[in-house]
Amino acid sequence: MAQPAPGDLSPVEAQLLRLADDEYVLAERYTEWQIFAPTPEADLALANIAQDEFGHARLWYDLLQDEFGYEEPDLLWERDPGNFVHSPLVELETPDGDWADTVVRSYLYDVAERLRLDALADSSFDPIADRVRKVQSEEGYHREHAQSWLDRLTGGGGDAHRRVQSAVDRLFPYALTLFAPTANEDEIVAAGVRTRALADVRADWLDEVVPYLESLDVVVPDPSAVSHPDEVGRDGSHTGDWAALHEEFTATYHELGFDDPATLRSENA
Amino acid sequence: MIWEVFRQEEAGDRHTHCGNVHAPDREMALLFAQIQHGRRMQTNSLWVAPSDEIGEVDADETEFGGTTDKSYRWAITYNEIDASFAEEVAESEAEQEEAAEKRGDV
């Protein structure tokens, strides 16, 4: 079976792949905080969120395997980095030790995630609708976690507030790529795979994210005025940060020369 | 700030102290406690309380139960009770016997 390649996918495959890649790559970035987070409690909470996101990625990759015949190496270990379709928001390298960057990214992502899942809850493709409910029940914690941190980082002004502001300035244009369409966006909606258009989901996201951040005295860039990044992810285009991350998470697979990588509870584990 | 964490396994059970978390306030303590103390074990409910707010008195400061003979407190001081009729009597007997053994009275 060939690797999935953007532009050459059925509507269901295209929807599943962007879901899976977003979750997987974000979890990779979260795990980089392990042992470096501000406190042991913060470390555990973020590690747990990363595990949730890996679990969600697994749900969507499994569907691609079960329903469309891909093998795990096609989807992860041997897929060309230019065939990943996650939003660049989730691939950007975290500025050294900048917890505010991770908190802001998490907030921007998790609100979009909730709205996206709501738009998939009545998917015409039943296996998606079934799995959405499992994911939704874990996502509530993620948003509460991100918002609790944001409230506190911005509450006292000073350096923490300044860092949140600069993370918003840096990440906001990339967050808008969460709603960038894949080639067959129209078919995805027409077939009812997702019941709402990305443009509508984006409008709801702005209605929620902008007033909340402004209530924290954070200035949000005008979405119609920001300079949009050239890399939108959904078509396989990525920032310079992606190549190194991709190389890192596939390094062990290549070094060990697995013919058949072990999975949890499988015969090879 | 340290928050003590108390976990309840099932509705109706007692909340039992299970550890603590560092957190700046109650809301964050509850968020962290969910992960640290509610993730791996069956959990129905968690309480958090600031460590400073917990009062303590220990065996160095007081004699729990007093020092003189209080055997009249024992359910078994009543003669000819068939404990099988009342579970709580049987439990009380067992509890008191165990306590006496630990004190070295028996």
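Lettering of chains follows the sequences in order, A, B, ..., and the numbering in each one begins at 1.
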Note to self: Using a 6.0 Å cut-off, check whether atom CD of A:Gln34 has over 12 heavy atoms from anything other than its own residue.
What the structure shows: yes
Checklist line | Within 6.0 angstrom of A:Asp159 CG, more than 12 heavy atoms from elsewhere | finding: yes
Check: Is a donor on one side and an acceptor on the other found under 3.5 Å between the side chain of A:Glu41 and the backbone of B:Val21?
Finding: no
Next item on the list: Could you tell me which residues satisfy side chain to side chain contact (heavy atoms under 4.5 Å, CB included) with A:Ala160, sequence neighbours excluded, listed by chain and number?
Entry: A:Leu153
Next item on the list: Would you name the heavy atoms of B:Ile35 and A:Leu44 that are closest together and state the gap between them?
Entry: CG2-O, 3.6 Å
Margin query: Quick check: closest heavy atoms across A:Tyr141 and B:Phe32, and the distance to 0.1 Å?
Written below: OH-N, 4.2 Å
Margin query: Let me confirm one number: the OG-CG distance from A:Ser148 to B:Leu30, rounded to the nearest 0.5 Å.
Written below: 10.0 Å
Next item on the list: Could you have a look at B:Met28, B:Arg39, B:Glu27, B:Gln34 and say which one has the most heavy-atom pairs with chain A under 4.5 angstrom?
Entry: B:Met28
Next item on the list: For B:Glu98, enumerate each residue passing the side-chain hydrogen bond (donor to acceptor under 3.5 Å, both in side chains) test, keeping only those at least two apart in sequence or located in another chain.
Entry: B:Lys102
